[in-house]
Structures are given as structure tokens and as C-alpha cells.
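Here the structure is laid out as C-alpha cells; the discussion comes afterwards.
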Amino acid sequence: MANQSKQSPPSHNTTFGPKANWFAAGLRMPNGHAPLYGLYGPGAVSEASRVMVASSRNYADFASEATFEVKKCDLHRLEEGPSTTAVMTRDEGLQYYKTMQTIRRMELKSDQLYKQKIIRGFCHLYDGQEACCVGIEAAIKPTDHLITAYRAHGFTYTRGVPVREILAELTGRKGGCAKGKGGSMHMYTKNFYGGNGIVGAQVPLGAGIALACKYFGRNEICLALYGDGAANQGQIFETYNMAALWKLPCIFVCENNRYGMGTSVERAAASTDYYKRGDYIPGLRVDGMDVLCVREAVKFAAEHCRSGKGPIVMELQTYRYHGHSMSDPGISYRTREEIQEVRSKSDPITMLKDRMVNNNLASVEELKEIDVAVRKEIEEAAQFATTDPEPPLEELGHHIYYNEPPFEVRGPNQWIRYKSVN
């Protein structure tokens with residue numbers, strides 16, 4: 001690819017070490033959201049080496065931005081699509097890298113806590129798909145709205161919830177983002193509506209949010225996400241129809257990770273062109289493993305919705321490294337070699353790291369420092385999530401409604417009552 005770097009003077013030629021094959025991710029966006037939190041690193045970096053790195057290079061050594069070619073999107077009922085070039089600044093690149101690294105490490109820590117039986121119940125991990133949530137968040141505004149299915153940890157983080165609150169929610173603790181009552185599938189924050197456990201049910205809810213945006217005259221959009229496994233749900237097609245009739249500002253996003261639970265898309269769908277499923281609604285098929293490709297596509301789709309043209313369907317072609325959930329080893333319907341091939345050729349974090357190093361937006365040493373910081377943050381968050389107290393029984397009825405006066409809730413029998421406050 002013909003990439004161009006814009007150098008901040010003075011510039012110096014720098015030789016970097018061999019490329020590392022990284023497997024970890026996570027931080028956040030330059031779009032006005034609260035800064036993301038982070039921690040990870042392959043190998044400890046001593047304080048002395050950090051000082052040496054800091055003294056040997058300064059910010060003037062790096063390019064301030066670079067231009068990259070991204071894969072052209074497949075189009076449906078569109079005369080032109082998103083740009084095939086993307087400009088990424090150094091600061092954006094570092095933020096995307098830290099965000100993806102944090103999400104990756106958070107999910108790996110969740111895997112560990114689940115196997116230790118500290119996390120219980122349903123748990124669907126997002127590692128491998130980080131470019132989707134990070135690219136989406138980079139392209140929308142904090143005032144825009146997002147609702148997704150049960151593989152929600154990454155979106156919970158990019159929407160602004162700290163890692164410690166996510167892990168504490170997974171362990172059912174009082175300090176969790178849903179006070180320990182929601183668990184893996186039910187996390188929320190401002191303009192983020194979960195985490196929904198009923199397959200496909202979040203899509204009509206997302207259209208309702210988009211209707212509210214239009215009804216109140218706000219220049220806001222809603223993204224309603226679902227997986228390829230939910231794409232055959234009848235309620236999704238009903239929602240397409242209403243959204244098209246009313247020209248709702250809604251982006252319907254199918255995260256196609258190739259398997260609905262343990263069934264491949266080829267065995268589950270007569271047509272795997274999910275971006276064409278809206279029929280009369282325009283659609284895009286996007287490389288969901290490339291954070292820049294996702295970002296440019298979502299910018300295009302968001303402008304389409306804001307301009308009053310109605311909804312648009314987007315298919316993100318991505319891949320999950322874990323099984324469907326923690327109860328699924330993920331290798332009974334696909335081979336270990338298939339998973340490893342995706343890791344080695346299409347990993348979203350490795351792709352971003354290589355772009356940044358090869359275009360002098362960052363050094364290997366600098367990215368290692370981010371990895372170390374991410375690992376530290378994750379470990380501290382896990383410590384909080386395993387020591388924070390569980391919510392007391394008397395709070396069982398709390399937070400049923402928003403901004404309502406206290407009332408009583410019937411318990412397991414008519415003689416047991418709980419007080420509900422919000």
C-alpha cells in the first residue's frame with residue numbers, strides 16, 4: 001500500500017526492531033469521550049530502559065500523521081461509498097492502540113476469572129473483534145446512541161465505563177456498572193442501552209431510539225448491532241420496514257464473525273450477503289478487522305443518516321477468537337489452525353501496530369510501554385472486582401425504575417417485601 005507520512009520537523013531516520021506478533025488490546029477515542037483506561041505488556045520494561053527510551057527519542061522524531069489505503073467496501077443501492085484512504089494522526093493511533101489493547105486484556109482476564117469460577121453464568125467474550133467497537137466509537141459523537149447484543153464488554157468500555165466497573169459487574173459486585181445485578185449481558189451507561197440477552201430483540205429497540213432522536217429533532221443517530229446468528233430473525237426485517245418508511249436515523253450493524261454459536265454462516269443462511277438484507281435500504285460490507293476501514297465506513301453511514309436519507313445496513317466482517325460463550329471451547333466446529341491463521345494474518349491490533357511502526361507514528365518501545373500500563377490497569381481492576389463487596393439483599397429491589405418515588409416490591413412470597421429506590 002502506498003502510505004504517506006507527514007513528518008513533524010526536525011525528522012530523523014530511525015531503525016526499528018523486528019516486528020512482534022502481538023496478542024492484546026485496548027484504549028479510547030479522540031472524539032470528546034472520557035479517556036480510556038488500560039494495561040498490558042509482553043514482558044516487563046524496567047524503569048531504566050523507559051528512561052533510556054524517553055531520552056533517546058522525542059515527539060519531533062515521529063510523523064504527526066499518515067495516510068493509509070483501506071479496503072474498498074462492497075455497496076448495495078449506493079452510487080458511491082466510503083473513502084478508500086484514511087488519515088490517522090499519531091495521537092489517534094496511540095489512542096486506538098491502547099483502547100484495543102485494553103479490551104483484549106480485559107477479555108483475557110475475564111476468561112481467567114471465569115475459569116477460576118469467580119465469574120459465573122453467561123459470558124461472551126469480544127477478543128478478535130476490537131476493531132469494530134473502536135472504529136465505530138471513533139466515527140460517532142458522544143451524544144449518539146448505541147445498543148448491542150450480549151457480546152457487549154467492548155462497547156461498554158468504548159462508551160465510557162472503566163475497566164474496574166466492567167469486571168466488578170462480571171463478578172457481581174456492588175461497584176459494578178449495573179451495581180452487580182446485570183452481569184455480562186446487561187451493562188449500561190449514558191447513551192448505551194446494553195447488552196441484551198434476547199437474540200435480535202435489541203434491533204427494534206434501536207429503531208425506537210432512532211425514532212426518539214427524529215421525534216425530538218435532535219441531530220443524533222442510533223447504531224443497532226446484532227450478529228450473523230440473529231440476522232435471520234423476523235423482527236429484524238419488520239424493523240427494517242418501519243425504519244425505511246419513517247426514514248429513521250439508524251445504522252443497522254451486523255457483526256458477522258462467521259459463526260452463530262457453533263453454526264457457520266454458510267449452513268445457517270441461504271444468502272450470506274448480510275449488507276443486502278435490507279433490500280430497499282442501502283448497505284455496506286466492511287472489513288471489520290481494520291479499525292480505519294470501520295471508522296471511515298461508519299463516518300459515511302452516520303452522514304447518510306444525519307442528512308435525512310433514512311437508515312443504512314452495515315455488515316462488519318470480523319472474527320472472534322473465543323468460542324460463542326465461555327461454555328463453548330470453540331474448536332468443535334472450526335479448527336485451531338483456522339483460528340491461528342486469522343490471528344497471524346488479520347489480527348486488528350497487530351495490523352494497527354505494524355502501520356504505526358512502519359509509518360513512523362510510534363516506536364516499538366513506546367507501544368511496549370502502553371502494553372505494560374494496560375497490564376497494570378487490568379490487574380488493579382481485577383483486584384477491585386474480586387474484593388469489592390456483593391450488593392446486600394435489601395438492595396434487591398432497587399433501580400427498577402428511573403426517577404420514580406420509592407415503592408414496595410413483592411418478594412418470593414406475599415409476606416416478603418423489598419423497598420425499591422432509584
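What you see is a predicted model, and the numbers here were worked out from it, not measured in a lab. Side-chain atoms are counted along with the backbone in the values below, which use heavy atoms only and exclude waters and symmetry mates.
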Check against side chain to side chain contact (heavy atoms under 4.5 Å, CB included), Tyr97 and Glu366: CA-CA 11 Å; Tyr97 181 83; Glu366 184 176 23; over 6 Å; no
CA sep, side-chain torsions, deciding dist, call: Leu396, Val409, side chain to side chain contact (heavy atoms under 4.5 Å, CB included): CA-CA 9 Å; Leu396 184 64; Val409 180; over 6 Å; no
Derivation and outcome, side chain to side chain contact (heavy atoms under 4.5 Å, CB included), residues Arg159 and Cys133: CA-CA 9 Å; Arg159 289 265 83 185; Cys133 63; over 6 Å; no
Worked verdict on Ile136 versus Leu225 for side chain to side chain contact (heavy atoms under 4.5 Å, CB included): CA-CA 11 Å; Ile136 286 172; Leu225 291 103; 3.9 Å; yes
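Ion pairing between Arg277 and Asp228 fails under the 4.0 Å rule for side-chain N and carboxylate O. Comment: Glu220 does not engage Lys141 in a salt bridge, judged by the lack of any side-chain N to carboxylate O separation of less than 4.0 angstrom. In this structure, Arg151 does not pair ionically with Glu255, as no charged nitrogen and carboxylate oxygen lie closer than 4.0 Å. For Glu107 and Arg320, the salt-bridge test fails: no basic side-chain N is under 4.0 Å from an acidic carboxylate O. Using a 4.0 Å cut-off between a side-chain N of Lys or Arg and a carboxylate O of Asp or Glu, Glu380 and Lys376 qualify as a salt bridge. With salt bridges taken as basic N to acidic carboxylate O contacts below 4.0 Å, one links Glu296 and Lys299.
Residues Val265 and Thr272 approach most closely at O-CG2, 3.7 Å, considering heavy atoms. Between Met187 and Phe192, the closest heavy-atom pair is O-CE2, 3.3 Å. Shortest non-hydrogen contact noted between Ala168 and Ala385 is N-CB, 3.6 Å. Nearest heavy atom pair, residue Asn232 against residue Ala268, reads ND2-O, 3.3 Å. Shown here for Arg295 and Val87, the closest heavy-atom pair between the two residues is NH2-O, 2.7 Å. For the pair Ala66 and Asn359, the tightest heavy-atom approach, listed with the atom from each and the gap, is CB-CB, 4.1 Å.
Of the inter-residue distances, the one linking Glu315 atom CD with Tyr275 atom OH reads 8.0 Å to the nearest 0.5 angstrom. Summarising the geometry, atom CG belonging to Asn191 is positioned 5.0 Å from atom NE2 belonging to His145; distances are rounded to the nearest 0.5 Å. Separating the CG atom in Leu223 from the SG atom in Cys305 is a distance of 7.5 Å, to the nearest 0.5 Å. Leu361 CG to Met88 CE: the interatomic distance, rounded to the nearest 0.5 Å, is 5.0 Å. Between the OG1 atom in Thr156 and the CD1 atom in Ile166 there is a gap of 5.5 Å [rounded to 0.5 Å]. Gln112 contributes atom CD, which lies 8.0 Å from atom CD1 of Ile118 (distance to the nearest 0.5 angstrom).
Judged by distance alone, with hydrogens and angles left aside, the side-chain atoms of Tyr114 form a donor-acceptor pair with the main-chain N or O of Gly121 at under 3.5 Å. Arg285 contributes no side-chain N or O that, together with a main-chain N or O of Tyr274, makes up a donor-acceptor pair within less than 3.5 Å. In this structure a side-chain-to-backbone donor-acceptor pair under 3.5 Å is present from Thr171 to Leu167. One N or O on the side chain of Glu130 and one on the backbone of Gly128 form a donor-acceptor pair closer than 3.5 Å. Between the Glu338 side chain and the Thr335 main chain, no donor and acceptor come within less than 3.5 Å of each other. A side-chain donor-acceptor contact under 3.5 Å links Glu169 to the backbone of Gly182. Without hydrogens or angle criteria, Asp273 side chain to Lys276 main chain gives no donor-acceptor distance under 3.5 Å. When atom types are taken as modelled, the side chain of Asp287 and the backbone of Met289 share a donor-acceptor pair closer than 3.5 angstrom. Side-chain atoms of Lys181 come within 3.5 Å of backbone N or O of Glu395 as a donor-acceptor pair. Judged by distance alone, with hydrogens and angles left aside, the side-chain atoms of Asn196 form a donor-acceptor pair with the main-chain N or O of Thr148 at under 3.5 Å.
Considering only heavy atoms from C-beta on, Thr189 stays 4.5 Å or farther from Cys177 through its side chain. Contact check for Val291 versus Pro348: no side-chain heavy atoms found under the 4.5 Å cut-off. Looking at heavy atoms from C-beta onward, Tyr96 lies in side-chain contact with Leu292 at the 4.5 angstrom threshold. Side-chain atoms of Glu303 and Ser307, non-hydrogen and from C-beta on, do get closer than 4.5 Å to each other. Between Tyr321 and Arg104, the closest side-chain pair of non-hydrogen atoms falls below 4.5 Å. With contacts defined as side-chain heavy-atom distances shorter than 4.5 Å, the pair Thr318/Val294 does not qualify. In this structure, the side chains of Val313 and Tyr240 come closer than 4.5 Å at one or more pairs of heavy atoms. For the pair Ser184/Phe122, no side-chain contact is recorded, criterion being any heavy-atom separation below 4.5 Å from C-beta on.
Atom OH of Tyr401 sits in a sparse spot, with 12 or fewer heavy atoms from other residues, nucleotides or ligands closer than 6.0 Å. Atom NZ of Lys71 has 12 or fewer heavy atoms from other residues, nucleotides or ligands within 6.0 Å. The 12-atom threshold is not exceeded at CD of Glu80, counting heavy atoms of other residues, nucleotides or ligands nearer than 6.0 Å. Enclosure of atom NZ in Lys179 is not indicated, since only 12 or fewer non-hydrogen atoms of other residues, nucleotides or ligands lie within 6.0 angstrom.
For the 3.5 Å distance criterion, the side chains of Tyr333 and Arg267 fail to qualify, holding no donor opposite an acceptor.
Evaluation of the ring-ring contact (aromatic ring centres under 6.0 Å, His included) rule for His324 yields His124, Tyr150 as partners, not counting sequence neighbours.
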